[in-house]
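Down below is the structure, laid out as structure tokens.
Numbers restart at 1 for each chain; the letters A, B, ... are given by sequence-line order, proteins then strands.
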Amino acid sequence: MDNLDFLQGSAEEVAPRLLGCLLVRELDGQRLIGRIVEVEAYDQTDAASHSYKGQTARTQIMFGPAGHLYVYFTYGMHYCMNIVCGPEGHGAAVLIRAIEPLEGEIAMVHNRGGRSGVEVSNGPAKVCQALAIDTNWNGHNVGNEPLCLVQQSALEMTEIIQTTRIGISRAVDVPWRFYIRNNPYVSKR
DNA sequence: CGGCAGATACGCT
DNA sequence: GCGTATCTGCCGT
């Protein structure tokens, strides 16, 4: 059921395809499941991407095979997770900006220090905190436990909003942010 | 609820 | 040194 070949495509193609897919995280004997509702594409040809200036120790994962996790640390305190896509040797990935909890929400609330409702996972660093993902997960293959990506059928085009990305200062007009229309967990409209 | 400042450490110039 | 693919608390409507 779960063939992740679609991750071989470009970031721009893969990003909307990830909407609706599931992240299944095994943590302390529990299953935490989140439905991906907001993503952003980043590519080496794009000035906003960490891979834009070529391969470095930090970004090498982005240039590796599709299906691995690129986790980075920023603002001195936050982690964000991406799913690497595109052919090996090409630096591209899709940032997971928001998920909707489907299972194990109580554990996610706990991981988020008691914050509940949409505050559990309506932002990229919140997603990592809810699922207990840090840089130790850099390079993890999302085809494997204890963190799996499970593909779902593609959403209707009318369910997907495409617009410009958030929180960047370069390539601000590139419309590579995708989210599910009317989903309450989307970080910002 | 919207805007703003502060937190805080790492990669890169 | 400086900027950062962010979040939170605090202030004002």
Contact residues, residues 179-189 of chain A to DNA chain C [heavy atom, < 4.0 Å]: none
Using a 4.0 Å heavy-atom cut-off across all strands, classify A:Ile168 as base, sugar-phosphate, or nothing. sugar-phosphate
All side chain to side chain contact (heavy atoms under 4.5 Å, CB included) counterparts of A:Asp5, not counting sequence neighbours: A:Asn3
Give me the distances for all protein-to-nucleotides 11-13 of chain B N/O pairs that come in under 3.5 Å?
| unit_1 | atom_1 | unit_2 | atom_2 | d |
| --- | --- | --- | --- | --- |
| B:dC12 | OP1 | A:Thr56 | OG1 | 2.8 |

Looking only at atom types and distance, does a side-chain atom of A:Arg112 sit under 3.5 Å from a main-chain N or O of A:Glu119, one as donor and one as acceptor? yes
Scan A:Met62 against the nucleic acid and name what it touches under 4.0 Å (heavy atoms): base, sugar-phosphate only, or nothing. base
Expected output is a numbered-order residue list: members of residues 107-118 of chain A with a heavy atom under 4.0 Å from any atom of DNA chain C. What is it? A:Arg112, A:Arg115
Between A:Arg31 and A:Glu103, does any side-chain N to carboxylate O distance fall below 4.0 Å? yes
Could you give the side-chain donor-acceptor pairs of residues 65-73 of chain A under 3.5 Å, partners two or more places apart or in another chain?
| unit_1 | atom_1 | unit_2 | atom_2 | d |
| --- | --- | --- | --- | --- |
| A:His68 | ND1 | A:Gly139 | O | 2.9 |
| A:Tyr70 | OH | A:His50 | ND1 | 2.7 |

Nearest 0.5 Å, please: how far is CD in A:Glu12 from CZ in A:Arg17? 15.0 Å
Counting any heavy atom closer than 4.0 Å, what does A:Ala48 reach on the DNA or RNA strands: base, sugar-phosphate only, or nothing? base
Would you tabulate the nitrogen or oxygen pairs shorter than 3.5 Å linking the protein to nucleotides 2-8 of chain B?
| unit_1 | atom_1 | unit_2 | atom_2 | d |
| --- | --- | --- | --- | --- |
| B:dT8 | O2 | A:Tyr75 | O | 2.4 |

Qualifying residues under side chain to side chain contact (heavy atoms under 4.5 Å, CB included), relative to A:Ile106, sequence neighbours excluded: none
Looking at A:Cys21, is its backbone amide N or carbonyl O close enough to the side chain of A:Arg35 to form a donor-acceptor pair, meaning the two atoms are under 3.5 Å apart? no
Run through DNA chain C and report every stem of 3 or more consecutive Watson-Crick or G-U pairs, distances under 3.5 Å, ordered by first number. B:1-7 with C:6-12, B:9-12 with C:1-4
Run through A:Leu131, A:Thr135, A:Asn138 and flag the one making a side-chain contact (heavy atoms from CB on, under 4.5 Å) with A:Tyr79. A:Thr135
With distance as the sole test, does A:Arg97 use its side chain to make a donor-acceptor pair with the main-chain N or O of A:Ile36 at under 3.5 Å? no
Interatomic distance, CZ@A:Arg181 vs CZ@A:Arg189, rounded to 0.5 Å, equals 8.5 Å
Any carboxylate oxygen within less than 4.0 angstrom of a Lys/Arg side-chain nitrogen, looking at A:Arg165 and A:Glu40? no
Is there a donor-acceptor pair under 3.5 Å between the side chain of A:Thr59 and the backbone N or O of A:Thr56? yes
How long is the straight-line distance from CD1 of A:Ile83 back to CG of A:Leu4, given to the nearest 0.5 Å? 8.5 Å
Residues that A:Pro101 engages under side chain to side chain contact (heavy atoms under 4.5 Å, CB included), provided they are two or more places apart: A:Glu105, A:Met108, A:Val120, A:Ser121, A:Tyr185
Just by distance, do the side chain of A:Gln30 and the backbone of A:Leu27 share a donor-acceptor pair under 3.5 Å? no
Does anything in residues 106-125 of chain A form a ring-ring contact (aromatic ring centres under 6.0 Å, His included)? List the pairs, not counting sequence neighbours. none
Need one value for A:Arg97: base, sugar-phosphate or nothing, where a base atom within 4.0 Å counts as base even if backbone is also close, heavy atoms only. sugar-phosphate
Check A:Arg177 with A:Glu38, please: is the shortest side-chain N to carboxylate O separation under 4.0 Å? yes
Do any pairs count as a ring-ring contact (aromatic ring centres under 6.0 Å, His included) and have a residue in residues 81-100 of chain A, sequence neighbours left out, and if so which ones? none
Taking any atom closer than 4.0 angstrom to a non-hydrogen atom of chain A, what span of DNA chain C does the protein reach, first nucleotide to last? C:dT4 to C:dG9
